[in-house]
**Q** 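To start, I am sharing the structure in question, which I have written as structure tokens.
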Amino acid sequence: MAAPSFSTATLTPVLIHLLRGASDLASIAATHAKLLKAGFASTLASSNHLLAAYSRCGAMNRARDLFDGMRHRDVISWTTLMSGYAASGRPREAIALLRVMQFSGVQPNVVTLSTAASACARLADEGLGRQVHARAEVAGCARDAVVATALVDMYGKAGRVEDSRAVFDGMAAPARNAVSWGAMLAVYAQNALGNEAIQLFAELRTNGGGLAPNHFMLSCAVSACAGVARLSIGKCVHGAVLRLGHGNNEVIAVALVDMYSKCGCYEYSRKVFDRIEQPSLIPYTSIIVSAAKYGLGRCALALLGEMVDRGVQPNDVTLLGVMHACSHSGLVDTGLQLLRSMQSKYGLAPCPSHYTCAVDMLGRAGRLDEAFELAKEAQIEGKEPLLLWNSLLSACRTHKRLDLATLAGQRVSEFNQDVAGGLVVMSNAYASAGQTDNAAAVWSSMRRRGIRKDPGCSWIEVKDIPYVFYAGAISCAGARADEVLMLLDELECKMREKGYKGRLGSARVSDGHEDDGDEGKGVMVGVHSEILALGFGLLVVPKGMTIRVMKNLRMCSDCHEAFKFISGIVEREFVVRDLNRFHHFKMGACSCNDYW
DNA sequence: TTAGGGTTAG
């Protein structure tokens with residue numbers, strides 16, 4: 001019997017099959033050598049297979065050499081190389097190839113253009129993205145499901161949400177599939193437009209042609225609820241997650257941990273986390289960051305220990321979370337130790353944000369000279385030092401160290417970008433020290449320079465509807481506005497009897513955390529937004545239920561005191577989420593023990 | 001048949 005003989009015609013498919021399964025450079029190179037030996041390496045199809053294989057394992061230099069040596073290249077060769085560059089973190093080179101390709105007379109197809117759009121998304125480059133969009137229009141494929149979805153994602157990553165939506169709306173209904181819906185949801189969620197995301201998620205039911213939410217859409221929906229702290233909707237989505245069988249999906253679980261934490265329910269976060277079987281880096285980081293927001297420093301430290309014991313390496317975000325937890329629970333020296341040991345213990349160099357956290361921690365503990373030394377030591381470049389000096393400035397104000405405030409204020413004013421926050425703090429430092437002329441000068445300089453600060457606002461969700469309050473503006477309470485003001489008036493009297501020294505509302509030099517409220521139609525000019533939200537909550541949230549107030553800025557110390565008093569007087573529990581953390585008020589005290 | 005789209009911590 002004759003020995004089996006393989007012709008090159010049968011050998012090539014075998015080798016190509018080998019290439020497809022190969023993920024390491026060595027085996028790809030070996031197959032490449034065999035193809036060369038068989039004399040088939042230079043056919044277009046084999047070369048394309050080799051290109052794909054090298055690209056898949058990230059060997060872009062090998063792929064490029066091969067590509068440069070090819071006698072003929074078709075649209076697949078070009079697209080394969082583009083895709084390889086985009087996937088290996090070199091999206092700019094991918095886009096550059098698109099130009100050369102067209103120059104060499106090869107026309108891009110839908111695959112090329114979707115690859116190009118996704119490369120632009122990685123760059124978050126709107127200008128390049130628009131060029132790709134225009135090419136897709138010219139080629140007549142801008143409404144192709146994949147191209148359009150990549151464009152939706154691209155505009156979203158570049159922060160152009162309306163353009164994303166226009167592309168999404170321009171897709172013919174049959175072209176819209178689960179991926180395009182998911183992409184649009186992600187755009188809203190990633191651009192802090194949680195309410196729009198929630199609305200789109202609801203639209204899926206009516207206009208989605210029977211599409212069921214998949215794990216992508218669910219994680220986006222949960223994350224959208226987290227962003228706008230919509231607890232009741234978040235719980236509904238959680239229900240859908242369980243019903244649809246995604247209870248064991250780690251990505252969704254992380255989104256849920258984050259959502260419950262941002263909605264003021266740490267216990268639920270913890271429950272969701274505890275159900276994750278082998279939590280990896282991101283779940284651990286997420287629960288640590290949650291614990292930090294609730295001032296659970298020891299708990300965060302325990303979680304860090306647990307993850308290290310399980311062989312999960314923390315990263316810079318994890319350690320920042322632990323430092324915040326230390327900061328929010330008064331474990332100042334433990335937090336500093338962590339900063340000092342992160343390089344030796346975890347191989348991570350401290351980032352500007354770690355220094356900022358440490359400086360903030362020392363500043364709030366009144367250790368201002370140490371904070372100053374650390375701030376000087378931190379060799380930080382770029383935008384970050386603004387935050388660092390700003391936080392120090394704030395601490396100088398609290399602890400009435402005008403000597404250091406002036407120094408920090410100088411550093412803050414060296415930054416030309418986004419100075420509003422810093423100037424407000426500077427003005428408050430003057431005001432606290434009784435230098436009202438200087439305080440007013442800073443304000444007028446801000447007005448002259450057209451610098452505005454985001455207005456402070458607080459909101460409360462009642463029966464799925466968010467009510468947003470601004471300082472001094474009670475109109476959001478609608479017909480109950482007068483009742484709210486009367487209630488607050490009455491509460492203020494009772495608080496005074498119990499020793500409250502602050503003022504719920506009155507005309508005064510702004511303490512800066514809110515500055516441009518209404519002129520005040522009611523009796524309380526200048527009353528802070530969280531007080532109004534609380535007053536409204538006391539009227540409409542049934543007794544026995546916790547009142548949850550969200551705020552976009554840090555709570556001021558006056559309001560914090562007021563909330564403590566009120567919780568004792570009305571015997572109710574309040575949870576306030578401010579910019580940094582949660583405060584749980586109960587029986588006249590706050591869970592933060594006045595660290596914030 | 002070798003190339004394409006969406007998710008989680010800060």
Side-chain angles (χ1 to χ4, degrees), chain A residues 13 16-17 19-20 43-56 74-84 86-87 94 108-119 121 141 144-154 156-157 164 167-168 171 175-190 197 213-224 226 246 249-259 261-262 269 272-273 276 279-290 292-293 314-321 323-324 351 353-354 357:
Chain A
I16 285 173
H17 183 76
L19 274 183
R20 257 194 260 143
T43 68
L44 184 58
S46 307
S47 298
N48 285 345
H49 277 287
L50 279 165
L51 265 181
Y54 282 128
S55 296
R56 261 199 307 276
D74 63 1
V75 63
I76 296 179
S77 331
W78 287 93
T79 308
T80 305
L81 193 65
M82 277 177 65
S83 164
N109 64 13
V110 282
V111 184
T112 322
L113 289 164
S114 57
T115 307
S118 117
C141 61
D144 169 85
V146 182
V147 174
T149 303
L151 289 171
V152 166
D153 179 47
M154 179 278 293
K157 295 269 174 14
S164 290
V167 174
F168 181 76
M171 295 172 78
R176 278 193 211 159
N177 56 24
V179 186
S180 22
W181 280 89
M184 192 63 231
L185 270 174
V187 167
Y188 282 134
Q190 289 162 355
N214 62 18
H215 60 293
F216 279 97
M217 299 183 212
L218 289 165
S219 52
C220 289
V222 173
S223 137
H246 296 292
N249 181 297
E250 193 187 85
V251 175
I252 297 178
V254 168
L256 285 167
V257 167
D258 187 50
M259 185 273 291
S261 143
K262 287 182 177 157
S269 290
V272 174
F273 173 80
I276 304 175
S280 59
L281 170 68
I282 295 182
Y284 267 115
T285 305
S286 176
I287 190 70
I288 284 172
V289 168
S290 303
K293 291 201 182 89
N315 69 7
D316 53 335
V317 183
T318 324
L319 296 187
L320 183 63
M323 283 183 65
H324 272 131
C351 301
S353 45
H354 297 98
C357 176

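The chains referred to below are lettered A, B, ... by the order of the sequence lines, with proteins before strands, and numbering in each begins at 1.
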**Q** In the structure I gave you, are the side-chain heavy atoms of A/V289 and A/S261 within less than 4.5 Å of one another anywhere?
**A** no
**Q** Quick check: do A/S114 and A/D144 have side-chain heavy atoms less than 4.5 Å from each other?
**A** no
**Q** Would you call A/N48 and A/D74 a side-chain contact if the rule is heavy atoms closer than 4.5 Å?
**A** yes
**Q** Which listed nucleotide (B/dG6, B/dG4, B/dG10) is nearest to the side chain of A/V146?
**A** B/dG4
**Q** Looking at the side chain of A/V179, which of B/dG10, B/dT8, B/dG5 is the nearest nucleotide?
**A** B/dG5
**Q** Please state whether the rings of A/H215 and A/H246 are parallel, tilted or perpendicular, taking 30° and 60° as the class boundaries.
**A** tilted
**Q** Let's see if you can work this out: which of B/dG4, B/dG6, B/dG5 has an atom nearest to the side-chain heavy atoms of A/N177?
**A** B/dG5
**Q** Quick one: label A/V110 by what it contacts on the DNA or RNA (base, sugar-phosphate, nothing), any heavy atom closer than 4.0 Å.
**A** base
**Q** Contact class for A/V317 vs. all strands (heavy atom < 4.0 Å): base, sugar-phosphate, or nothing?
**A** base
**Q** What's the closest nucleotide to the side chain of A/K293 if the choices are B/dT2, B/dG10, B/dT7?
**A** B/dG10
**Q** Where the side chain of A/D258 is concerned, which of B/dA3, B/dG5, B/dA9 is the nearest nucleotide?
**A** B/dA9
**Q** Measure from the side chain of A/D144, starting at C-beta and using heavy atoms only, and say which of B/dG4, B/dA3, B/dG10 lies closest.
**A** B/dG4
**Q** With the side chain of A/T115 defined as its heavy atoms from C-beta on, choose the nearest nucleotide among B/dG6, B/dG4, B/dA3.
**A** B/dG4
**Q** Please pick, from B/dA3, B/dG6, B/dA9, the nucleotide with the shortest atom-to-atom distance to any side-chain atom of A/A183.
**A** B/dG6
**Q** Could you please name the option among B/dT1, B/dG4, B/dG5 that lies closest to any side-chain atom of A/A145?
**A** B/dG5
**Q** How is A/T80 classified with respect to the nucleic acid when contacts are heavy atoms under 4.0 Å: base, sugar-phosphate, or nothing?
**A** sugar-phosphate
**Q** Among B/dA9, B/dG5, B/dT7, find the nucleotide with the atom closest to the side chain of A/C220.
**A** B/dT7
